[in-house]
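In what follows, a structure is listed as structure tokens, so that the remarks can point back to it.
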Amino acid sequence: MNNRVRDLRTARGWGQTDLARELGVSRQTVHAIETEKYDPSLPLAFKIARLFERSIEDVFEPDAEPEAS
Amino acid sequence: MFVNSEEIMTAATRRVVNTVLMLSIAGSLFSTSFASVFLLHRVEPGTTASLLSALLPLPFFIANFVIAFRLVRQTDEMQKRQQLEALAFAYPVVMIGVITLFMVRKAGFHVRFDLADLFMAMTAVYAVGLFFAWRRYR
């Protein structure tokens, strides 16, 4: 899953630690989400979207589905 | 906008306190385990003294379990996944190792392995699993 968490965070001038504190997770988790190594759970994804005042689709985008043969 | 600093300090302080507690209890656990083995070699088997010596590390085992459980509960969802992956790695690896050793023993070869070794093997392989899980999401 692709996401715009890093863009939204830096646009607000927040560090990863600030975002982690706000979300109640570790800085490593924020880093893993931003580098797309970890997909957050639905509640955490909603929390992120709500924090940035965006819809969840604005923040997270699923990978392109493989074409049906 | 951000949560107040008191809440952050409380959560962070709690984690540090639990980690320090866990380390000191682990130290006490090792010390009392050695003391227990030392005493068991010196007291008569089947007596109250030998039973008390054998049970000496038990409170520390329980305290260690409680603190470890509290620490895991304080982790976030990704850290919980890492813990799960570490366990999912450690359990089958240790089982395969133990079953293989058992079969080798059945084949007539002497392999020294007891319950204390199982505990150490599980801890070591779990640490390796935790390292792999940590690296995966780094």
Side-chain angles (χ1 to χ4, degrees), chain A, chain B residues 1-23 25-26 64-92 123-138:
Chain A
M1 192 157 65
N2 306 312
N3 71 70
R4 298 176 51 220
V5 174
R6 177 167 282 169
D7 295 340
L8 293 165
R9 174 179 62 76
T10 51
R12 294 190 178 213
W14 295 350
Q16 286 183 337
T17 310
D18 300 324
L19 182 57
R21 274 181 197 160
E22 188 63 18
L23 294 171
V25 298
S26 64
R27 193 196 60 77
Q28 287 79 9
T29 299
V30 169
H31 177 76
I33 292 169
E34 286 187 354
T35 53
E36 295 167 0
K37 286 182 177 170
Y38 174 71
D39 291 333
S41 66
L42 204 52
L44 182 56
F46 271 111
K47 204 171 178 182
I48 293 168
R50 207 171 294 135
L51 181 66
F52 290 121
E53 295 162 328
R54 302 290 178 114
S55 68
I56 201 159
E57 296 89 344
D58 282 346
V59 183
F60 297 96
E61 188 185 311
D63 292 326
E65 282 183 30
E67 284 179 29
S69 55
Chain B
M1 185 69 220
F2 292 115
V3 289
N4 69 61
S5 58
E6 199 182 323
E7 273 179 46
I8 297 160
M9 278 307 291
T10 309
T13 310
R14 216 182 304 133
R15 257 197 300 275
V16 172
V17 166
N18 278 334
T19 307
V20 171
L21 257 175
M22 174 118 172
L23 290 174
I25 289 170
N64 202 37
F65 166 76
V66 171
I67 297 292
F69 192 75
R70 272 164 57 175
L71 273 172
V72 169
R73 287 203 66 179
Q74 283 171 7
T75 57
D76 66 34
E77 58 178 58
M78 191 189 76
Q79 291 167 329
K80 281 193 177 80
R81 180 186 281 202
Q82 289 173 328
Q83 296 287 336
L84 182 65
E85 287 183 12
L87 284 172
F89 174 77
Y91 185 75
T123 307
V125 180
Y126 168 73
V128 172
L130 202 56
F131 172 74
F132 284 135
W134 168 79
R135 215 178 54 168
R136 186 196 304 271
Y137 299 105
R138 194 163 60 108

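If you're wondering where the values come from, they're calculated on a predicted model, not measured in any experiment. First the proteins, then the strands, lettered A, B, ... as listed; each starts at 1.
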Report the distance from atom [atom1] of [X] to atom [atom2] of [Y], rounding to the nearest 0.5 Å.
X: B:Gln79; Y: A:Ser26; atom1: CD; atom2: OG; value: 4.0 Å
X: B:Glu77; Y: A:Ile33; atom1: CD; atom2: CD1; value: 6.5 Å
X: B:Tyr137; Y: A:Thr35; atom1: OH; atom2: OG1; value: 11.5 Å
X: A:Thr29; Y: B:Arg81; atom1: OG1; atom2: CZ; value: 10.5 Å

- Enumerate by number any residue of residues 129-136 of chain B whose heavy atoms lie under 4.5 Å from heavy atoms of chain A; in the absence of such residues, state 'none'. B:Arg136
- Contact listing (chain B partner; residues 36-46 of chain A; heavy atom under 4.5 Å): A:Lys37, A:Tyr38, A:Pro40, A:Ser41, A:Leu44
